[in-house]
Amino acid sequence: MNHRFASPAAVATALAAMLATAPVLAADYVQAPGSTLAFASKYDGEVFAGTFPGFTTTLSFDPDDLSGARLDVVIPLAGARSGNDERDSTLQGADFFDVARFAQAHYSATTFRALGDGRYAADGTLELRGVSKPVTLTFTWAPGAQPVLTGKATVKRLDFGVGGGDWADTGTIPNETAVSTRVVFKAK
């Protein structure tokens, strides 16, 4: 009898060789419940903080191969909450986020760097109020069934025209706004 089929052992060996040489692709993730995006600044020397509920994040990430990493964040600006109704209304107005004209901000990154000690940097672009500028997000990555990205960035508000007019005085409101995030992910 002439068998044209390989033995199970030969098939297993061939599959193992193929898998060993196949490129490792970045894992694709979407944001899961429990994620937060926050900001902090000062007004007349008093620190205030707020959040952007409703933001959405997608990520392709493999810490062993950063070349295929991609991060995309959409931030609805009308939802900004700082715990003060008057301040929230001002943030939504024309001098700050101008939500009537610019409903959302968008951050995207395609260049990632390993910083050592489990830290990474995403060199991306923030589009806010129709202006696009580079912003770097530094973060840690906790792998697992629901990986967590914990990061921070500094945004120079005046670069985007946020807080113009009477609000442009950096003695009243600093130019630098601290942004922090904790994004819980699930596989796409």
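It should be emphasised that the depicted structure is a prediction, and the values quoted were computed from it without experimental measurement.
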Next on the checklist: Parallel, tilted or perpendicular: which one describes the rings of Phe112 and Phe139, with boundaries at 30° and 60°?
Outcome noted: perpendicular

Next on the checklist: Hydrophobic cluster membership, with links at side-chain heavy-atom distances under 4.5 Å among I/L/V/M/F/W/Y: are Val99 and Phe55 in one?
Outcome noted: yes

Checklist entry - So, does Glu127 use its side chain to make a donor-acceptor pair with the main chain of Ser108 at under 3.5 Å? => result no

Item to check | Under 3.5 Å donor-acceptor, Thr125 side chain and Ser132 backbone | outcome: no

Next on the checklist: Are there over 12 heavy-atom neighbours, none belonging to Asp169, within less than 6.0 Å of that residue's CG?
Outcome noted: yes

Checklist entry - Is a side-chain N or O of Gln31 found less than 3.5 angstrom from the main chain of Thr57, in a donor-acceptor match? => result yes

Next on the checklist: Please check: side-chain N/O of Thr90 versus main-chain N/O of Glu86, any donor-acceptor pairing under 3.5 Å?
Outcome noted: yes

Checklist entry - Roughly how far, to the nearest 0.5 Å, is CG of Leu71 from CG of Leu137? => result 6.5 Å

Checklist entry - Would Arg81 count as a cation-pi partner of Phe52, with NZ or CZ less than 6.0 Å from the six-membered ring centre and within 45° of the ring normal? => result no

Next on the checklist: Centre-to-centre under 6.0 Å for Phe61 and Trp141, is that the case here?
Outcome noted: yes

Checklist entry - Can you tell me if Gln92 uses its side chain to pair, donor with acceptor, with the backbone of Ala78 under 3.5 Å? => result yes

Checklist entry - Hey, is the main chain of Ser41 close enough, under 3.5 Å, to the side chain of Thr177 for a donor-acceptor pair? => result no

Item to check | CA sep, side-chain torsions, deciding dist, call: Ser82, Asp88, side chain to side chain donor-acceptor pair (under 3.5 Å) | outcome: CA-CA 6 Å; Ser82 69; Asp88 293 349; 2.5 Å; yes

Item to check | CZ/Arg70: more than 12 non-hydrogen atoms of other groups inside 6.0 Å | outcome: yes

Checklist entry - How far apart are the C-alpha atoms of Thr170 and Asn175, what are their side-chain angles, what is the distance that settles it, and do they pass the side chain to side chain donor-acceptor pair (under 3.5 Å) test? => result CA-CA 6 Å; Thr170 57; Asn175 189 25; over 6 Å; no

Next on the checklist: Below 30° counts as parallel, above 60° as perpendicular, anything between as tilted: where do the rings of Tyr29 and Phe185 land?
Outcome noted: tilted

Checklist entry - So, Arg113 side chain and Asp123 main chain: donor-acceptor pair closer than 3.5 Å or not? => result no

Checklist entry - Are more than 12 heavy atoms from other residues, nucleotides or ligands located less than 6.0 Å from atom CG of Asp85? => result no

Next on the checklist: Keeping Arg129 on the side-chain end and Phe96 on the backbone end, is there a donor-acceptor pair under 3.5 Å?
Outcome noted: yes

Next on the checklist: For the OG1 atom of Thr150 and the CZ atom of Arg119, what is their distance to the nearest 0.5 Å?
Outcome noted: 13.5 Å

Checklist entry - Is the Phe97-Trp167 ring centre distance short of 6.0 angstrom? => result no

Checklist entry - Of all heavy-atom pairs between Leu66 and Ala114, which one has the smallest distance, and what is that distance? => result CD1-N, 3.5 Å

